[in-house]
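Chain identifiers are assigned alphabetically (A, B, ...) following the order of the sequence lines, protein sequences preceding nucleic acid strands; residue numbering begins at 1 within each chain.
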Amino acid sequence: MSDEQLRTYAAEGRPHVVRLAMPVREYRFDDVVLGKEVVLPAAEAQDFVIRKTDGMPTYHFAVVVDDHEMNVTHVLRGQEHTKNTFLHVALQEALGYPRPVYGHLSVIENIEGGKMGKRDRDKKVRQRTQEVMKSTKRSADDVAAAAGLPGPRVAEWLADAKKQLDLPEQAAVMRVIGLQASELPEVLVHDFRKNGYLPESLLNFLALLGWSPGGDREQMSMDDMVELFTLDGVGKANAKFDRTKLASFNTDACAKADPARLVAAFRDYLSVNPDSPLWAATDEELAKLLAMKKGFRLLREVDAVSRFLFTPDDALAYDPSAVEKNLKKDGGAGAAVLREARDGLAAIGSWSAASCEEAVKGYCEQKGLALGKVAQPIRVAVCGSTVSPPIFDSLEFLGRERTLRRIDRALSL
RNA sequence: GCCCCCAUCGUCUAGUGGCCCAGGACAAUCGGUUCUCAGCCGAUGAACAGGGGUUCGACUCCCCUUGGGGGUACCA
């Protein structure tokens, strides 16, 4: 383009970009992760945009300037950036900047070996929808109608794995098929937080994807990792994100954490789960719940299994199948046991887990019953389900009055 | 299509020529413990992608094949 042409275009105010005139030659840099030099042949060196038509700098221009301004010495980033690094190197040379150390990390994939992302959540919703449709013999139109969505939209989504629902649509479908948000695969850090993972377990687990301190070492604190980290411990192969192993890390971390740390973590969990009735709990109560349910994997489990303690007695929901199996079956055998056990509990002098246990075990012995035969009816009466923290701890927490009120209510079902 | 990278149990990995008929962790299977769910304890099975070299000796070095991933933007 001639100078004259340039002046004319500028005078006309033509929209334009700014490119770096990249010197045509071979570029190379050392990659500390690959442990070798990466080369861009001269034939592939091309001018590239550094300022967009709208006047904004491109990412390439911005990172190079920003990293330099921030005195960044090491750039460790995903391998999708490997080619970009040549552009950044050229820019640094043009600007007279020193070159930082570069390393390109492998990618973390989902457990199926695909790209980990929000699509994974959509996929789970689709899978579950198809299962539910099959088992309840419902059509795509039925689901769409129940969710208040256009039939063709849902049908299209079900048929084409490339299509995704937007968030409100997803929520509507999940409501219809009874899928909880907590059942979706976590992707964002927020998802993990909301499901009750400790940040330290997530960090520890993540650090081990693509890096190893060597030997058999796995459990590490942040300080340990800072001390142990070396560039040559970084691997070159992609890693798959295995949530089961993460959950195991979390179980261990929670088991080892001191009570104050756990209470703080639980508070943080509750701060992103405002619908939980445990909001009303004091720190002392939270500490008790955590201790009762020790061995838990996620804080969400402690929440879920403790909610009955924070529900008004007359609002407690009873699981029909639990009631049937533990109270009504065999002509109300469970209910009969419950009635007698209730009298034993009512007669306790000083209410505590220990005294409740003594009373119930005494009754078992007297009747020649296994503890389970008595504990389960009590559990169902007091918790509404067959799953709860240890029953005597639960009774202590609930107190005599509420315990007896719930038993009476269950007996009247 | 073209360019680049990678390759040990199902998964994360240890292993840098003999210490390895390959170690740990999660998961799995089986058994034990317990008032439920968890958890915990014990045991078991499970891999060097395939083929060529190099070497006295290859999981470790080289080549090919296969498989996987990434890139090919006025997105970051």
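Results of the salt bridge (Lys or Arg N to Asp or Glu O under 4.0 Å) test with A:Glu169 over A:Arg175, A:Arg153, A:Arg126 single out A:Arg153 as the only residue that passes.
Of all nucleotides present, only B:C6 satisfies the Watson-Crick or G-U wobble test against B:G67, with each distance under 3.5 Å. Using the Watson-Crick or G-U wobble rule with both distances under 3.5 Å, B:A28 pairs with B:U44. Base pairing annotation: B:U16 forms no Watson-Crick or G-U wobble pair, as no partner gives both donor-acceptor distances under 3.5 Å. Partner assigned to B:G39 is B:U33, using Watson-Crick or G-U wobble distances below 3.5 angstrom.
Projected onto RNA chain B by closest heavy-atom contact, A:Gly210 and A:Lys83 fall at different nucleotides, the more 5' of which corresponds to A:Lys83. Heavy-atom distances to RNA chain B give each of A:Phe241 and A:Val17 a nearest nucleotide, and the one nearer the 5′ end belongs to A:Phe241.
Donor-acceptor pairing under 3.5 Å is recorded for the side chains of A:Thr85 and A:Arg77.
Between B:U54 and B:C6, the two P atoms lie 25 Å apart (nearest whole Å). Taking atom C1' on both B:A27 and B:G10, the two are 8 Å apart, rounded to the nearest angstrom.
Near RNA chain B, defined here as any heavy-atom distance below 4.0 Å, the residues from residues 105-114 of chain A are A:Glu109, A:Gly113, listed numerically.
Side-chain contact between A:His104 and A:Val38 is absent, with no heavy-atom pair separated by less than 4.5 Å.
Listed nucleotides: B:G70, B:A38, B:C3. Nearest to the side chain of A:Glu301: B:A38.
For B:C37, neither phosphate oxygen OP1 nor OP2 lies less than 4.0 angstrom from any side-chain nitrogen or oxygen of A:Lys294.
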With sugar-phosphate taken as primed atoms, P, OP1 and OP2 and all else as base, the protein-contact string of nucleotides 17-35 of chain B at under 4.0 Å (heavy atoms; B, S, -) is ------BBBSS-------B

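Between the side chain of A:Asp31 and the main chain of A:Lys36, no donor-acceptor pair closer than 3.5 Å is present.
A salt bridge links A:Arg243 to A:Glu186: at least one charged side-chain nitrogen sits closer than 4.0 Å to a carboxylate oxygen.
Annotation: A:Tyr102 is not in aromatic contact with A:Phe86 [ring centroid separation under 6.0 Å not met].
Aromatic ring pairs are classed by plane angle as parallel below 30°, tilted from 30° to 60° and perpendicular above 60°; the pair A:His88 and A:Tyr59 is perpendicular.
The side-chain hydrogen bond (donor to acceptor under 3.5 Å, both in side chains) test applied to A:Ser221 returns A:Asp224, not counting sequence neighbours.
The interatomic distance linking A:Arg77 (CZ) with B:C4 (P) rounds to 20 Å, in whole Å.
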